[in-house]
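Side-chain atoms are counted along with the backbone in the values below, which use heavy atoms only and exclude waters and symmetry mates. Labels below follow one simple rule: chain letters A, B, ... track the order of the sequence lines, proteins then strands, and each chain is numbered from 1. In this text, all values refer to a predicted model and were calculated from it rather than measured experimentally.
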Amino acid sequence: MGPAYEGIDFGMAERTIIKSAMSALNIDRNYFEKEFKKSGDLGQTVESFKKLYKSFEEKDMEVLAVFDFFYKLATASGNGSQDVKVSLLSQLIRQLDPLSGRYLVRLPTGIIRLGFSDMTILDAYSWMLKGDKSLRPIIETAYHVRPDLGFIGKMLKEKGIKGLEEIEPKAFTPIIMMKAERMSSAKEIIKQIGKCLVEPKFDGFRLQVHYLGSDPRRGSDPTESLPKVRLFSRSLEDVTYMYPDIVEGVKKEVKADELIIEGEAIGYNPKTGEFLPFQETVQRKRKYDIGAKSIEVPLKLFAFELLYLNGKNFIKKPFIERRKALEQVTIKNKDISKQIIVVDHQEEVDKEERLEEIFDQAVAKKLEGVIAKKIDGIYQPGARGWNWIKYKRSYSSKINDTIDCLVMGYDFGKGKRTDFGMGAFLVGVRDEKNDKFVTVAKIGTGLTDEEWRFLKIKSQISKLKDKPMNYSVDKAMNCDVWISPAIVVEIKADEITKSPTHTAGLALRFPRLEKFRDDKKPEDVTTLEELQHMTR
DNA sequence: TGTGTCTGCCCC
DNA sequence: ATTCTGC
DNA sequence: GCAGAATGGGCAGACACA
């Protein structure tokens with residue numbers, strides 16, 4: 001309905017779309033869901049049902065009229081709004097042809113499956129103007145600062161490529177954030193980027209800070225001249241109101257006329273100064289009770305990038321220059337414990353031994369790991385660039401904490417997993433005290449296409465009609481198919497966390513298949529007690 | 001007023 | 001977030 | 001090597017409903 005950062009959501013996904021389709025086509029839930037699971041695609045399911053049951057209401061509709069329906073749907077709120085959404089989508093499904101039906105239901109899910117996406121559309125804009133994709137770099141640069149395909153297209157039609165030159169970094173226009181590539185040893189990193197600057201990696205959430213210092217020239221209204229701060233999340237949502245403590249910190253501890261910096265926000269225990277686990281930090285992302293929560297869980301912002309300063313664009317400057325500028329714009333509080341905007345220590349490294357040491361120290365401090373940044377690397381907006389390399393605890397071959405799990409059941413896959421007949425599987429450990437299997441994770445990654453097919457075939461032998469008595473499973477983890485104790489897998493994870501849904505009371509963070517353990521029997525899997533001891 | 005279900009270009 | 005795969 | 005498409009745990013918020 002618009003660019004992501006404008007914050008207009010459909011508020012409607014799979015479950016509610018199914019309701020709309022059932023109501024539009026007058027189909028029983030079980031029948032619809034059965035066909036949906038078979039095809040793994042809501043669009044295809046609706047399309048084929050529409051072909052089967054021809055409707056006499058079908059008519060042509062203007063694109064703008066359809067847009068209007070979706071706009072009403074997306075903006076419906078309050079009492080009865082769910083019914084409004086269902087009814088609007090249901091009308092569209094009834095009134096349009098089967099092929100349109102396919103895309104009507106795909107649209108709100110965001111999975112359109114046209115085989116192209118934003119980047120291809122940028123190419124198309126270039127073709128539109130020049131008949132080839134030579135203008136793509138200019139267009140893409142503008143898109144990084146203004147990630148709105150509609151806006152870029154309109155600008156190009158109205159003003160041509162020159163229009164895009166007006167789009168440049170400035171305070172309060174968020175920039176698509178860069179991500180780091182991954183590597184699993186100091187050796188590889190030094191080989192890849194040579195001399196680098198190494199900094200700790202904190203487990204919080206990303207914030208991009210935009211700041212305009214006080215300036216009497218900014219208008220006659222006295223409030224106009226006060227310092228202004230905006231905070232953007234990784235999806236470029238404006239989240240300023242959620243973090244008043246960070247806003248105050250910026251006003252006190254940053255000196256500049258205009259700047260854009262980036263950092264990782266992490267909660268800490270105000271009494272002990274210890275950093276909090278992600279699950280607690282993320283509770284700060286909220287709409288209500290902001291004041292109370294900000295006292296309970298205060299944040300620090302570890303600033304690690306500077307993209308813009310006083311009219312000067314730093315995006316294409318070497319990292320070492322950005323870093324120097326960053327150090328210069330922060331004011332140090334006399335009481336370090338009260339500092340909110342922190343530019344943490346960083347070390348220049350060109351030997352793998354030293355890098356490995358810094359990594360070990362970071363891990364010992366219970367941090368996620370380190371980020372190594374190429375010393376003269378530019379900031380690559382919107383890319384997962386090689387100028388930043390993350391080296392996390394879980395990647396390291398030195399540390400190998402995997403657990404052996406029992407495969408308890410599986411779900412049918414969607415999209416390209418449909419053919420495999422499996423999209424994810426539920427795994428658990430043995431609770432010896434109660435003689436049961438309790439769940440710890442669902443696994444949806446780490447298998448090659450061939451391994452998915454292999455696991456599907458293997459699991460058919462043990463397929464069951466119902467969930468076994470000795471499986472303890474929360475209903476949120478219900479499976480399409482249950483299988484009896486037979487298959488053992490080795491699962492890797494970044495961390496073991498407390499869980500509200502998995503019956504082990506613990507869950508694996510970022511779980512993935514490491515390997516199949518055909519050499520092990522169900523009795524040999526990790527026990528709940530062992531798992532509890534592994535929790536750091 | 002309390003509980004359950006669903007959603008999020010969510011956060012990671 | 002992680003991982004795999006087609007281009 | 002990149003972009004795209006599968007999938008994970010778990011949080012707050014918005015509604016529906018009893």
Side-chain angles (χ1 to χ4, degrees), chain A residues 1-19 40 76-85 108-120 147 176 179 181-182 202-207 233-237 239 242 264-265 277-290 293 368 382-386 390 392 394-395 411 413-418 420 422-427 439-452 475-477 491-502 506-514:
Chain A
M1 300 309 295
Y5 56 84
E6 272 177 18
I8 171 167
D9 305 326
F10 284 105
M12 182 182 215
E14 198 174 284
R15 306 310 305 169
T16 323
I17 292 170
I18 290 175
K19 278 187 197 160
S77 73
N79 248 313
S81 60
Q82 289 298 301
D83 282 347
V84 171
K85 285 172 196 276
T109 68
I111 304 163
I112 319 291
R113 292 194 228 273
L114 287 172
F116 65 91
S117 190
D118 294 19
M119 293 306 141
T120 325
I176 305 192
K179 287 172 278 189
E181 270 294 348
R182 286 166 283 217
F202 295 95
D203 187 15
F205 54 87
R206 193 91 166 256
L207 284 180
S233 72
R234 189 152 116 182
S235 63
L236 304 191
E237 194 191 345
V239 291
M242 294 183 187
E264 187 83 359
F278 179 75
Q279 271 168 292
E280 287 173 52
T281 293
V282 81
Q283 291 176 21
R284 282 296 308 273
K285 182 183 159 27
R286 54 171 51 240
K287 202 170 165 182
Y288 305 107
D289 302 323
I290 291 168
K293 201 72 180 178
E368 271 194 305
R384 188 182 287 288
W386 287 100
K390 66 174 155 180
K392 287 190 14 176
S394 66
Y395 305 158
D411 291 336
K414 292 171 190 152
K416 66 178 180 183
R417 294 270 171 90
T418 313
F420 305 154
M422 190 185 288
F425 55 94
L426 183 67
V427 300
T439 75
V440 286
K442 230 177 209 181
I443 312 299
T445 191
L447 290 83
T448 62
D449 290 1
E450 203 183 323
E451 285 175 319
W452 282 111
K475 65 174 176 296
M477 284 296 145
I491 302 300
K492 184 166 181 159
D494 273 27
E495 198 182 0
I496 300 164
T497 60
K498 277 190 177 173
S499 173
T501 41
H502 281 289
L506 300 169
L508 307 182
R509 190 176 183 204
F510 311 141
R512 57 263 199 194
L513 178 93
E514 184 76 4

Requested in this report: Using a heavy-atom cut-off of under 4.0 Å over every strand shown, decide if A/Asp118 touches base, sugar-phosphate, or nothing.
Outcome: base

Report summary line: pair_partner(C/dG6), Watson-Crick or wobble, both distances < 3.5 Å, evaluates to D/dC2

Report summary line: Side-chain atoms of A/Pro511 come closest, of D/dG4, D/dG8, C/dT2, to D/dG8

Report task. Please work out if A/Lys179 contacts a base, only the sugar-phosphate, or nothing of the nucleic acid, heavy-atom cut-off 4.0 Å. Result -> nothing

Requested in this report: Using a 4.0 Å heavy-atom cut-off across all strands, classify A/Lys414 as base, sugar-phosphate, or nothing.
Outcome: sugar-phosphate

Query raised in the report: Looking across every strand, which nucleic acid part, if any, lies under 4.0 Å from A/Leu447 by heavy atom: base, sugar-phosphate, or nothing?
Result: sugar-phosphate

Requested in this report: Pick base, sugar-phosphate or nothing for A/Tyr395, based on heavy-atom distances below 4.0 Å to the nucleic acid.
Outcome: sugar-phosphate

Report task. Would you mind classifying the nucleic acid contact of A/Ala441 as base, sugar-phosphate or nothing, using non-hydrogen atoms under 4.0 angstrom? Result -> sugar-phosphate

**Report entry** No-H, no-angle donor-acceptor pair, A/Thr445 side chain to C/dT2 base, under 3.5 Å
**Finding:** yes

Query raised in the report: Base, sugar-phosphate, or nothing: which does A/Lys475 touch, judged by heavy atoms less than 4.0 Å apart?
Result: sugar-phosphate

Report task. Using a 4.0 Å heavy-atom cut-off across all strands, classify A/Met242 as base, sugar-phosphate, or nothing. Result -> nothing

**Report entry** P spacing across the pair B/dC12 / D/dA6, given as an integer number of angstrom
**Finding:** 23 Å

Query raised in the report: For the pair made of CD in A/Glu14 and P in D/dA6, what is the distance, rounded to whole Å?
Result: 13 Å

Query raised in the report: Base, sugar-phosphate, or nothing for A/Gly110, non-hydrogen atoms under 4.0 angstrom?
Result: nothing

Report summary line: For B/dC11, the nucleotide meeting Watson-Crick or G-U wobble distances (both under 3.5 Å) is D/dG9

Query raised in the report: Between A/Phe420 (CZ) and D/dA5 (C1'), how many Å, whole number?
Result: 11 Å

Report summary line: Result for 5'-nearest mapping on DNA chain D, choosing between A/Ile111 and A/Val440, is A/Ile111

Report summary line: Between A/Gly40 and A/Thr418, the two heavy atoms sitting closest are CA-OG1, 3.6 Å

Report task. Can you label the angle between the A/Phe425 ring and the A/Trp452 ring as parallel, tilted or perpendicular, going by 30° and 60°? Result -> perpendicular

Query raised in the report: With sugar-phosphate meaning primed atoms plus P, OP1 and OP2, does A/Lys85 contact a base, only sugar-phosphate, or nothing at under 4.0 Å between heavy atoms?
Result: nothing

Query - Length of the line joining A/Gln82:CD and B/dG4:C1', which is rounded to integer Å - result: 13 Å

Query raised in the report: At under 4.0 Å between heavy atoms, what does A/Lys498 touch on the DNA or RNA strands: base, sugar-phosphate, or nothing?
Result: sugar-phosphate

Query raised in the report: Just checking A/Leu508: base, sugar-phosphate only, or nothing, at a heavy-atom cut-off of under 4.0 Å?
Result: sugar-phosphate

